Amino acid sequence: MTDMESETRRARIESYEAELTAIRRDIHKHPEMAYEENRTADIVARNLEAWGIEVDRGLGKTGVVGTLRRGDSNRAIGLRADMDALYIHEKNTFAHKSVHEGQMHACGHDGHTTMLLGAARYLAESDEFNGTLHFIFQPAEEGLAGAKAMIDDGLFEKFPCDAVYGLHNMPGIEKGHIGLRHGPTLAASDRWTAIFRGTGGHGSMPHKGTDPTMPAAQFTMALQTIVSRNVDPLQTGVISLGHIAAGDIGSLNIIPSEVFIGGTARSFVPQVRELLEKRLAEMADAIARAHGCTVESTYTHGYPATVNWDEQTDIAIAAAQEAIGTANVNPNLNPLPGGEDFAFMLEQVPGCYAFIGNGITESDEFIHAPRYDFDDGIIANGVSYWVALARKELAKRDD
Ligand SMILES: [Zn+2]
Ligand SMILES: [Zn+2]
């Protein structure tokens, strides 16, 4: 590739910027919640069709897949964006502020949808690749597993992919830079609960019964030894208690018969995930029995860890470096303890999940905060990354 070619490519991408910014702001202004992304899916489908891309709708309820074929190669890849918003009251005052009270694009999915549309447009107007591109626009990333819903609806049977890629905006990374890593990138995000039961009784005569507040209190302390004493020191995990409830504020002389405790557990590899699950249950049970009480514990799997595949991460790093310059790419980004349902796609198909910097901002402008806004100034870099990735993955033979 000559410098001239890459400059021409960049100039063409930048020529879409104003139109893409208008699309991004329109989506921001009209946020839609999980599995209700009908207007957004209409915008996506209408644009894809206008650019001559084949469109399939309704996968995972509101998901959209655009398909573009060139040449004679059987190779196919998926590029994925998410479309859903969050239940947050937006505190921004600009013209594209949400018009839906209590709903907001505070995670930048408006920007993800827009960047992928930009890439689809560029690639539809070019013949720079050989193979099949599936542009995957999924619903319900925020907690309701839209990626899994699309997979369960036959995403990878109807649209087989040799590799799949995701891109998320991230404050705290310099504007327009790209950061990614090999291996575990985002955490498995699980929930656990433990209900300790005893007889309870009169606070003045504890010896007449069994007191579940004792095992509950000891369990609360003891569970923090799971990561520090049971997990391999070179691995990591988090267990946090988020809710504790027992008794009645109006009955301080009563020993409650039930104490509810619950929290979150995060891990980056399956072995640690299994260990957290096993040790939480064992510990709750042993401590309950030591006090003559019983316990009913649960451990519910949320999103699995997002684990990047080596070969596809190498390709993604090379694509990012070509698209925005080596100095602007961090190939050794630290893992983040958040969760992401793209993990379900990476369990099925090799791929890589990367981040694009939304700039270094104040803490109240982090994703999921009421003043967050995707920065339209990073759209061209995001589109350039997608285009470089498509060209690398589906390289023409004469390239
Ligand atoms: Zn989010
Ligand atoms: Zn997000």
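Just so you know, ligand 1 is whichever comes first in the structure, and atom 1 is the first atom listed for that ligand. Owing to the predicted nature of the structure, the values given are computational and were not obtained by experimental measurement.
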> With respect to the Zn ion (ligand 1), what is the nearest N, O or S atom of Glu142?
Replying inline: OE2
>> Less than 3.5 Å apart, any donor N or O on the side chain of Gln138 or Asp341 sitting next to an acceptor on the other?
In response: yes
>> Checking Asn328 against His177: is there a side-chain donor and acceptor pair closer than 3.5 Å?
In response: yes
>> Between Tyr372 and Phe374 (judged by ring centroids, cut-off 6.0 Å), do the two rings come close enough to count as a pair?
In response: no
>> Suppose we only count N/O/S atoms under 2.8 Å; would His168 qualify as near the Zn ion (ligand 2)?
In response: yes
>> Need one value: angle at the Zn ion (ligand 1), Cys107 atom SG versus His368 atom NE2, rounded to 10 degrees.
In response: 110°
> Got more than 12 heavy atoms from elsewhere within 6.0 Å of NZ, Lys278?
Replying inline: no
> Do you see an N/O/S atom of His109, backbone or side chain, under 2.8 Å from the Zn ion (ligand 1)?
Replying inline: no
